2 protein chains.
Amino acid sequence: MATMVDVCRLAGVSKATVSRVLNNTGPVKESTRQAVYEAIQTLNYRPNGLAQALASHRSDTVGLILSNFTGSYFGTLLRQATRSADEAGKQLIVTDGHDDPKRELDAVNMLVDRRCDAIVLYSRHMPDDQLVQLIRELPVPLIAMNRYLQAIPDRSIALAQVSAAHMATEYLLNLGHRRIACITRPVHQPTAQARLQGYREALLARGVKVEETMIEEGANTIPSGYEACKKLLDRVSFSALVCFTDYMAEGAYRALSEKGLRIPDDVSVFGFDDAPVAAYMVPALSTIHVPIEEMTRTAFEQAVRLAAGKEAPPIAPFQGRMVLRESVSVVRKN
Amino acid sequence: MATMVDVCRLAGVSKATVSRVLNNTGPVKESTRQAVYEAIQTLNYRPNGLAQALASHRSDTVGLILSNFTGSYFGTLLRQATRSADEAGKQLIVTDGHDDPKRELDAVNMLVDRRCDAIVLYSRHMPDDQLVQLIRELPVPLIAMNRYLQAIPDRSIALAQVSAAHMATEYLLNLGHRRIACITRPVHQPTAQARLQGYREALLARGVKVEETMIEEGANTIPSGYEACKKLLDRVSFSALVCFTDYMAEGAYRALSEKGLRIPDDVSVFGFDDAPVAAYMVPALSTIHVPIEEMTRTAFEQAVRLAAGKEAPPIAPFQGRMVLRESVSVVRKN
DNA sequence: CATGAAAATGAAAACGGTTACAGAAATATG
DNA sequence: CATATTTCTGTAACCGTTTTCATTTTCATG
């Protein structure tokens, strides 16, 4: 590949000048600018990004770490992330946290070693305190998605999880349901804990006893939702089911159907996330819409702001929104 | 951040020695090795990846470009890609082609500029000839997924699309179906054309006339499958439907259900890709399984091989496999 | 104890750019 | 026309590593 000195030779100028026309920094006479452009053309020269980044201390890159590559809104998030990075003129590097706090840390370090200008970390697994410490120590700005870190509200993007789960549960209660089962995500995840808390609080507020047998853990996949629902069906009876993930609701649909139960006539189902599929399920799934695009955009804007050394405001938690479709109705039996 | 010379000073050695202990290249006395390690520890030193890559001409990075971040097996592909990269000790950089050949090219260039050791490009849009030329000119090995490029069979990973679509269509014919509608992906995509060819050939082989009104174009999303199916229902009658994407089949399910049509009693539905959801749809979707993990693994192994300068064998097209579930039955009406 | 081989280390030149600084050329000003 | 500005350009240091090559140390050997 042609290098900058090749261009220099051909255009008969110095490296400084070539750099100037490349980056539009400093004045260059029109004629020499043309000469440089021509040399670049004929040599098919492209600047070496590594060298540029090394010399300029900017890589124009922002790293994105996902806890893994499954989950309802992962596609949506990724799409918005590329869009946001694009708009900011940054290149996006996506990496996988392999669902493991240690691997997430590895990923962060890799991105730091690659001198990303900023990092966005969507972590389901790293404990809050560790995350805070990491952010404090890191030489690069890091934005944590899926967290509310009160110690550093300018570095975290969160959904008001408790109230969202509360809302869904309360809605079912208002329809007369009392036996409301729940398929949660792995309970060691902070997010899952918050949603469970909302679920519990809503029940208790109505004086409905929370039965632990009504709660089953899934893994945020369709099969795990299917299995969890089957276990629930074998164990308890319920007139409503809230799933902490639309994917798991999809699995639950199948399990219910296999038992000959109709939705919502026999069982009302509430999802979470408002995945693209939700509106097209049969019956269409009522769910909590998570403004994932907005959250992602905010995360990147904040990341870019911080990377530029600008002041960045604290970010309030985002609110979920109920989307009512066909999968929920008033209780018919109990 | 501490740099290598800081380590040098503290450990009282030269850069060459530090580099030696870092990379295990060349002999180092045990005592000095320890000294260096200690210095690294206390300084919390981490080598600058950019500088390393620049000096060593290796970045230990492989780039992956996806035509976009939607599609049935995109998650699966990504998961396998991270696994494969990991196993090869490479870092993975994922980028978005924005469903546009020009943007795909941009992405390739960006990765080249970043000095990836190899590139895997899953392209739905770039024309074959342009792709071949690109691969030939590029200073980095590039593997094209989703293509069979006979000119460079060691650089392309393909599914035998024609025979896969043929197989599905023929199966429906064998069940007595004659009016078989089709929801295709955008026909400008090489993949879609190949699948359509298989569909047509199968029909013609049985003397069934191909009616263009039976073919509707979708965009590889659930909503587009829904819309396409509605159009078909308004326009023609059919006893079977083949969808070139499981996602579009999901949309079609909804459209059929809204018309009060039962699957498979009134309409048999055949999908394509064997997305994770397929087995859990109600009724479970019969589809063509695409060995996407195997293909991805092969792509990365080949990429790594080429990056290492090793000889790499040509790769034969992979075969789709029918997965029969509940969505297909013998024709009942016609 | 001299000697040669092997082991350990350092000096310095890359890698391919950016950038501070200074000098030269062009232009404006009185 | 001399001088002060402004515009343009080049020199050279630097970014943080790797790597070649030469040199020094160490050690076994006769």
Side-chain angles (χ1 to χ4, degrees), chain A residues 1-37 39-40 43-61 91 109-117 139-140, chain B residues 1-37 39-40 43-61 91 109-117 139-140:
Chain A
M1 301 195 68
T3 137
M4 187 180 244
V5 306
D6 298 326
V7 176
C8 293
R9 263 196 287 274
L10 189 55
V13 297
S14 73
K15 292 199 289 177
T17 300
V18 174
S19 177
R20 280 188 201 101
V21 346
L22 238 42
N23 306 309
N24 265 317
T25 155
V28 176
K29 205 202 301 179
E30 192 50 31
S31 59
T32 62
R33 184 187 302 276
Q34 287 309 325
V36 171
Y37 277 143
I40 288 176
L43 290 173
N44 197 15
Y45 164 77
R46 298 191 57 95
N48 182 326
L50 298 176
Q52 288 185 309
L54 180 60
S56 66
H57 302 283
R58 281 179 300 98
S59 61
D60 281 335
T61 281
Q91 278 296 347
N109 283 326
M110 168 262 181
L111 291 174
V112 171
D113 292 347
R114 287 252 186 303
R115 294 301 184 271
C116 280
D117 296 339
V140 193
Chain B
M1 301 198 68
T3 138
M4 189 178 243
V5 305
D6 298 325
V7 176
C8 292
R9 264 196 285 275
L10 189 55
V13 297
S14 72
K15 294 198 286 178
T17 299
V18 174
S19 177
R20 279 187 200 102
V21 347
L22 239 42
N23 307 309
N24 266 317
T25 154
V28 177
K29 207 202 299 178
E30 191 51 30
S31 59
T32 63
R33 183 185 302 275
Q34 286 308 325
V36 171
Y37 278 144
I40 289 176
L43 291 172
N44 197 15
Y45 164 77
R46 298 189 57 96
N48 181 325
L50 297 177
Q52 287 185 308
L54 180 59
S56 67
H57 303 282
R58 281 179 300 98
S59 61
D60 280 334
T61 281
Q91 278 295 346
N109 283 327
M110 168 262 179
L111 291 173
V112 171
D113 293 347
R114 285 253 186 302
R115 294 299 185 272
C116 279
D117 295 339
V140 193

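Predicted, not measured: the structure shown is a model, and the values here were computed from it. So that the names make sense, note that chain A is the first sequence line, chain B the second, and so on, each numbered from 1.
Atom CG in A/Leu50 sits roughly 12 Å away from atom C1' in D/dG16 (whole-Å rounding). For the pair A/Arg9 CZ and C/dG16 C1', the computed distance is 13 Å after rounding to whole Å. Summarising the geometry, the separation between CE on A/Met4 and C1' on C/dG17 is reported as 6 Å, rounded to the nearest angstrom. Distance CG (B/Leu54) to P (D/dT18): 11 Å, rounded to an integer number of Å. In this entry the distance linking CD of B/Gln52 with P of C/dG17 reads 19 Å, nearest Å. The separation between A/Arg58 atom CZ and D/dC14 atom P is 20 Å, rounded to whole Å.
Looking at A/Asp117, A/Leu50, A/Leu111, A/Leu54 one by one, the single match for side chain to side chain contact (heavy atoms under 4.5 Å, CB included) with A/Ser59 turns out to be A/Asp117.
In this structure, B/Asn23 reaches the D/dT18 phosphate: one of its side-chain N or O atoms is under 4.0 Å from OP1 or OP2.
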- [ ] Start with the C-alpha distance between B/Arg114 and A/Gln91, add both sets of side-chain angles, then the distance that settles side-chain contact (heavy atoms from CB on, under 4.5 Å), and finish with yes or no.
- [x] CA-CA 10 Å; B/Arg114 285 253 186 302; A/Gln91 278 296 347; 3.7 Å; yes
Open item on the list: Set out, in order, the CA-CA distance, both residues' side-chain angles and the distance that settles side-chain contact (heavy atoms from CB on, under 4.5 Å) for B/Asn24 and B/Arg33, then state yes or no.
Closed with: CA-CA 10 Å; B/Asn24 266 317; B/Arg33 183 185 302 275; 3.6 Å; yes
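As judged by a 4.0 angstrom heavy-atom cut-off over every strand, A/Arg115 is placed among residues making no nucleic acid contact. The residue B/Ser19 sits close to a base: some heavy atom pair falls under 4.0 Å.
With a 4.5 Å cut-off on side-chain heavy atoms, B/Asn48 and B/Thr3 do not count as touching. Residues B/Asn109 and A/Arg46 meet the side-chain proximity criterion, which asks for heavy atoms closer than 4.5 Å. Counting only heavy atoms from C-beta outward, the side chains of B/Leu22 and B/Ile40 approach each other to under 4.5 Å. No side-chain heavy atom of B/Lys15 sits under 4.5 Å from any side-chain heavy atom of B/Val18.
Summarising the geometry, atom CG belonging to A/Asp113 is positioned 6.5 Å from atom CZ belonging to A/Arg115; distances are rounded to the nearest 0.5 Å.
Where A/Leu22 and B/Ala55 each meet DNA chain C at their nearest nucleotide, the meeting point lying more 5' is that of B/Ala55.
The B/Thr3 side chain lies nearest to D/dT17 when the options are D/dT17, C/dG16, D/dT19. When the nucleotides C/dG16, D/dT17, D/dT18 are ranked by their closest atom to the side chain of B/Ala51, D/dT17 comes out on top.
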Got a list of protein N/O to nucleotides 7-13 of chain C N/O distances below 3.5 Å?
{"residue": "C/dT9", "atom": "OP1", "partner": "B/Thr32", "partner atom": "OG1", "Å": "3.4"}
{"residue": "C/dT9", "atom": "OP2", "partner": "B/Lys29", "partner atom": "N", "Å": "2.9"}
{"residue": "C/dT9", "atom": "OP2", "partner": "B/Thr32", "partner atom": "OG1", "Å": "3.0"}
{"residue": "C/dG10", "atom": "OP2", "partner": "B/Ser14", "partner atom": "N", "Å": "2.8"}
{"residue": "C/dG10", "atom": "OP2", "partner": "B/Ser14", "partner atom": "OG", "Å": "3.2"}
{"residue": "C/dG10", "atom": "OP2", "partner": "B/Thr17", "partner atom": "OG1", "Å": "3.0"}
{"residue": "C/dG10", "atom": "N7", "partner": "B/Arg20", "partner atom": "NH2", "Å": "3.4"}
{"residue": "C/dG10", "atom": "O6", "partner": "B/Arg20", "partner atom": "NH2", "Å": "2.5"}

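Between the side chain of A/Ser56 and the main chain of A/Gln52, a donor-acceptor pair closer than 3.5 Å is present.
Taken over five-pair windows at either terminus, the axes of the helix from C/dC1-D/dG30 to C/dG30-D/dC1 are inclined to one another by 40° (rounded to 10 degrees).
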